Amino acid sequence: MIDVKPDHDGNGVTAVINDFDLGETLDCGQAFRWIRTDENTYTGAFLDAPLTITQNGNSFYFHNTSLEEFENIWYDYFDLGTDYNDIKQRLLSDPTLAKACAFAGGIRLLKQDLWECLCSFIISQNNNIPRIKGIIKRLCEHYEHFPSAEELSLETVSSLDYLRAGFRAKYIIDASQKFSSGIVSLDILEELDTDSARKQLMLIKGVGPKVADCVLLFGMHRTDAFPKDVWIKRVMEEYYPDGLPECTKGIEGIAQQYLFHYIRNLENI
DNA sequence: TTCCAGGCGTATC
DNA sequence: GATACGCATGGA
């Protein structure tokens with residue numbers, strides 16, 4: 001279990017968490033709304049719950065957070081009930097994954113909101129991370145929060161011009177309409193196995209296999225989903241021409257995050 | 001100027 | 001089912 005201590009004045013919570021690095025987790029391309037405000041500090045939100053969090057080694061300070069909020073929101077969001085050391089030990093049997101885990105062993109898989117995830121990864125297609133962040137920032141500033149599917153379903157392609165999202169605007173509209181009308185919903189997806197849920201998500205225009213897998217992995221914590229983007233396709237050609245190693249079975253998506261971060265930074269290692 | 005970015009829809013075979 | 005091409009935008 002995690003060692004958690006609320007402040008005496010009740011302003012924040014300190015938690016000792018192993019296998020966790022803020023930069024590696026919040027800036028590795030799984031979430032786009034966290035902003036680094038200081039060397040060891042990030043600010044962001046889950047749904048409408050804001051958070052500022054500071055790291056010193058394996059000690060984390062959750063600013064302006066009650067013990068109740070920590071337990072009800074952030075414990076799950078940061079997947080603190082999962083022992084990532086166990087996971088990394090499993091992956092060590094593969095030499096490439098061993099290197100990837102050694103490079104960024106502080107990555108944790110966030111449990112994000114499904115709708116935000118869907119929207120974000122629709123925007124991500126054929127796009128780069130700084131520009132994805134820019135589009136989502138403009139979206140949130142416009143609404144003063146991440147807009148719901150209901151709110152976005154009232155928009156049109158031209159009313160979204162300010163996003164400068166290009167051809168993706170029509171996909172955002174279609175997703176908002178299918179999501180707010182219940183054609184695609186968390187309730188439906190939760191009942192389905194990963195392959196069926198992927199097909200259901202792909203009913204949305206602009207959602208193909210890769211975006212669907214990102215939504216399953218980051219928005220529903222389906223760790224068997226394995227999004228194949230351009231970077232991961234390079235990893236597969238280079239290191240796994242015959243497929244993923246056995247040690248990734250059931251946690252392919254977590255392995256994917258270590259590999260994605262590793263390959264993107266190879267020239268800097 | 002050209003190429004590329006956490007892809008996908010469409011046309012064509 | 002596989003493959004080729006266009007797509008909005010902006011940084012390198």
Side-chain angles (χ1 to χ4, degrees), chain A residues 23-34 44 100 103-104 107-110 112-139 141-142 155-179 184 195 197-240 244 248 252-268:
Chain A
E24 291 171 9
T25 297
L26 301 177
D27 242 348
C28 68
Q30 61 174 322
F32 303 100
R33 221 149 53 102
W34 290 92
F103 173 66
I107 293 177
R108 304 182 75 91
L109 196 64
L110 300 172
Q112 301 183 64
D113 174 61
L114 178 68
W115 166 247
E116 179 178 333
C117 226
L118 175 57
C119 246
S120 298
F121 282 94
I122 283 172
I123 292 166
S124 79
Q125 70 176 264
N126 199 32
N127 213 341
N128 57 61
I129 291 178
R131 215 172 82 82
I132 297 163
K133 287 182 177 175
I135 292 168
I136 293 171
K137 181 164 178 281
R138 289 190 283 279
L139 183 64
E141 283 174 353
H142 184 83
E155 301 288 354
T156 62
V157 168
S158 56
S159 77
L160 292 180
D161 279 349
Y162 71 95
L163 288 178
R164 305 199 296 281
F167 63 87
R168 306 165 192 85
K170 57 183 177 291
Y171 300 150
I172 296 170
I173 301 286
D174 189 61
S176 69
Q177 291 171 351
K178 289 204 167 72
F179 209 81
V184 177
D195 285 339
R198 182 184 300 108
K199 284 179 189 161
Q200 189 72 21
L201 282 164
M202 286 170 61
L203 294 176
I204 297 165
K205 291 276 185 190
V207 177
K210 191 273 175 180
V211 169
D213 277 343
C214 284
V215 175
L216 291 167
L217 181 61
F218 304 128
M220 294 184 68
H221 208 74
R222 295 287 180 98
T223 58
D224 55 331
F226 186 76
K228 291 192 202 68
D229 73 316
V230 289
W231 293 94
I232 291 296
K233 283 174 184 167
R234 284 171 210 164
V235 171
M236 296 306 289
E237 285 174 17
E238 174 87 16
Y239 300 102
Y240 305 112
L244 286 172
T248 63
E252 292 89 343
I254 298 176
Q256 195 266 14
Q257 274 307 99
Y258 291 123
L259 290 170
F260 176 76
H261 194 64
Y262 178 62
I263 195 75
R264 273 172 54 91
N265 289 281
L266 252 190
E267 65 269 21
N268 303 327

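Labels below follow one simple rule: chain letters A, B, ... track the order of the sequence lines, proteins then strands, and each chain is numbered from 1. These values consider heavy atoms only, across backbone and side chains, with no hydrogens, waters or symmetry-generated copies. The structure presented is a predicted model; accordingly, all values stated were derived computationally and were not measured.
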Q. Taking only residues two or more places apart in sequence, or in another chain, which ones meet E238(A) in a side-chain hydrogen bond (donor to acceptor under 3.5 Å, both in side chains)?
A. none

Q: Could you run through nucleotides 6-12 of chain C and give me one letter per nucleotide, 5' to 3': B if any protein heavy atom sits under 4.0 Å from the base, S if only the sugar-phosphate is that close, - if neither?
A: -BBBB--

(Q) Categorize G29(A) for me: base, sugar-phosphate, or nothing, with a 4.0 angstrom heavy-atom threshold over every strand shown. (A) base

(Q) Can you give me the first and the last nucleotide of DNA chain B (5' to 3') that has an atom within less than 4.0 angstrom of a non-hydrogen atom in chain A? (A) dA5(B) to dT10(B)

**Q.** Gap in Å between the two P atoms, one belonging to dA4(C) and one to dG6(B), rounded
**A.** 23 Å

Q: Please list, chain by chain and in numerical order, all residues satisfying salt bridge (Lys or Arg N to Asp or Glu O under 4.0 Å) with D229(A), sequence neighbours excluded.
A: none

Q: Taking side chain to side chain contact (heavy atoms under 4.5 Å, CB included) as the test, write out the residues that go with S176(A), two or more places apart.
A: W115(A), L152(A), S153(A)

**Q.** Listed partners of K228(A) passing side chain to side chain contact (heavy atoms under 4.5 Å, CB included), at least two apart
**A.** F226(A), I232(A), K233(A)

Q) Listed by chain and number, what are the side chain to side chain contact (heavy atoms under 4.5 Å, CB included) partners of R164(A), not counting sequence neighbours? A) R138(A)

Validation: residues 202-216 of chain A side-chain donor-acceptor distances under 3.5 Å, sequence neighbours left out:
| residue | atom | partner | partner atom | Å |
| --- | --- | --- | --- | --- |
| D213(A) | OD1 | R198(A) | NE | 2.7 |
| D213(A) | OD1 | R198(A) | NH2 | 3.0 |

Q) Does the side chain of F103(A) reach to within under 4.5 Å of the side chain of N265(A), using non-hydrogen atoms? A) yes

(Q) Holding to salt bridge (Lys or Arg N to Asp or Glu O under 4.0 Å), I want the full list of residues that pass it with E237(A), two or more places apart in sequence or in another chain. (A) none

(Q) Considering every strand and a 4.0 Å limit on heavy-atom distances, what is the contact class for P130(A): base, sugar-phosphate, or nothing? (A) nothing

Q. In chain order, what residues pass the salt bridge (Lys or Arg N to Asp or Glu O under 4.0 Å) check against R131(A), with sequence neighbours excluded?
A. none

**Q.** Q125(A): partners by side chain to side chain contact (heavy atoms under 4.5 Å, CB included), with sequence neighbours left out
**A.** F167(A), R168(A), Y171(A)

Please list each protein N or O that sits under 3.5 Å from an N or O in nucleotides 1-3 of chain C, with the distance.
none

